[in-house]
Amino acid sequence: DQLEQRLASFVSDNIPGVAALYFSTGYMANVGTITALAALDPSVEVFSEALNHASLIDGMRLARVKVNVYDHCDTTQLESMLGASSARVKLVVTDSVFSMDGDLAPLPNILQLCAKHDAWLLVDDAHGFGTLGDRGRGALEHFGLRSDRLIYIGTLGKAAGVGGAFVAAESSVIDWLVQRARSYVYSTASPPARAYALLESLNIIESADGKARRARLQYLIDLLNSELQLEHWTKLQSSTAIQPVMLGDNEQVTQVSAMLHDAGFWVPAIRPPTVPADTARLRITLSAAHSDEDVVALARTLNQIESTL
Ligand SMILES: *Cc1c(COP(=O)(O)O)cnc(C)c1O
């Protein structure tokens with residue numbers, strides 16, 4: 001209960017009348033929230049961003065709702081889909097930071113469309129919570145959004161370093177989830193020790209040290225980008241910890257990942273079906289705990305590998 005109150009206070013500037021509910025994993029939070037919202041009304045329709053995380057997609061499948069998929073960050077297409085819908089309950093679902101691309105959803109624009117078309121907006125901020133926003137409160141703080149139609153999901157196994165996730169929304173939505181989210185109701189609650197550890201994570205995120213870590217992460221992102229000098233491969237545009245390098249070819253990306261591993265760098269090779277065909281990539285994930293030397297050496301090693309292949 002203490003943890004949920006603290007988590008709600010993290011987004012209280014962004015969602016009026018907010019309450020929060022803790023789930024054992026982000027996967028369960030997404031599946032439970034979408035299925036419970038789908039049970040609000042038989043006419044529910046979901047509008048889903050093309051690059052959404054698998055756990056959101058599984059929630060939609062389990063909910064057996066009508067799903068309209070809009071292209072990546074294409075708010076024009078989203079608007080025409082919303083305009084064409086006569087559903088009484090509309091739910092737009094998106095990641096904030098795309099987990100394999102590192103870019104940000106145009107949330108201010110999407111929220112405007114939701115207001116215009118009377119839709120809920122569910123935001124999965126797995127990669128924003130703790131790292132985005134001046135106080136580390138995530139994507140809603142980063143964009144300065146405020147609305148009672150926001151349903152916010154922050155996961156706590158990434159920047160928060162422990163595990164689990166929370167859903168934050170206007171308190172009557174949370175009451176509904178307590179009754180109807182089956183992944184919450186039919187699974188044993190997490191042990192209190194986890195809540196205790198998470199309260200400590202939240203203290204760190206809010207502290208001067210947390211702020212310094214976010215500044216350091218941003219500095220390392222800039223350092224990587226200035227040191228990488230790629231000629232054939234492309235570093236995707238990203239201002240977040242996720243910095244992908246697009247190679248395209250599945251075998252080559254596996255080979256380069258292995259070469260980096262031998263040189264002391266752990267950079268996973270991401271291939272289809274995790275990403276669309278012909279978009280295999282290296283997924284560099286930076287952390288405030290990396291040293292300047294780590295990041296410079298990674299960039300130089302990659303520059304060198306590229307020039308020899
Ligand atoms: C990791 C992740 C999840 C799942 O969270 P878990 O706590 O690991 O189950 C959900 N959404 C996104 C975007 C993620 O990156």
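For reference, positions follow the sequence shown, starting with 1. Counting convention: from 1, in listed order, for ligands and their atoms alike.
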Of all the non-hydrogen atoms in the protein, which one sits nearest to [atom], and at what distance?
| atom | answer |
| --- | --- |
| atom 5 (O) of ligand 1 | G26 CA, 3.4 Å |
| atom 4 (C) of ligand 1 | Y27 N, 3.7 Å |
| atom 11 (N) of ligand 1 | D124 OD2, 2.5 Å |

How does K158 reach ligand 1, if at all, at less than 4.0 Å between non-hydrogen atoms: by side chain, backbone, both, or neither?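 Side chain only.
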Is I153 touching ligand 1 with its side chain, its backbone, both, or neither, if touching means heavy atoms under 4.0 Å apart?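 It is neither; nothing of I153 touches ligand 1.
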Can you confirm whether or not the ring centre of F166 sits under 6.0 Å from the ring centre of F129?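 Under 6.0 Å, so yes.
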Is the distance from the ring center of F98 to that of H72 below 6.0 Å?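 Close enough - the centres of the two rings lie under 6.0 Å apart.
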A165 to ligand 1, any heavy atom closer than 4.0 Å: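 A165 does not count as a contact of ligand 1 under the 4.0 Å cut-off.
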Proximal atoms of ligand 1 relative to [X] (non-hydrogen, under 4.0 Å):
| X | value |
| --- | --- |
| N30 | 10 (C), 11 (N) |
| T25 | 7 (O), 9 (O) |
| A126 | 2 (C), 11 (N), 12 (C), 13 (C), 14 (C), 15 (O) |
| T155 | 5 (O) |
| S55 | 10 (C), 11 (N) |

Where the closest heavy atom to atom 10 (C) of ligand 1 is concerned, which of M28, H53, M100 has it?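 Checking each option, the heavy atom nearest atom 10 (C) of ligand 1 is found in H53.
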Work out which heavy atom in Q237 is nearest to a heavy atom in D103; give both atom names and the distance.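 The pair with the smallest heavy-atom distance is O-CB, 4.1 Å.
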Nearest atoms (heavy-atom pairs only) where P272 meets A277: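 Between these two residues, the closest heavy atoms are CG-CA, 3.7 Å.
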Please confirm whether the backbone N or O of [Y] pairs with a side-chain atom of [X], one donor and one acceptor, at under 3.5 Å?
| X | Y | result |
| --- | --- | --- |
| Q243 | S238 | yes |
| R88 | S86 | no |
| E49 | C73 | yes |

So, applying salt bridge (charged side-chain N to carboxylate O under 4.0 Å, His left out) with E206, which one of R213, R6, K211 is it?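 Output: one option passes, namely R6.
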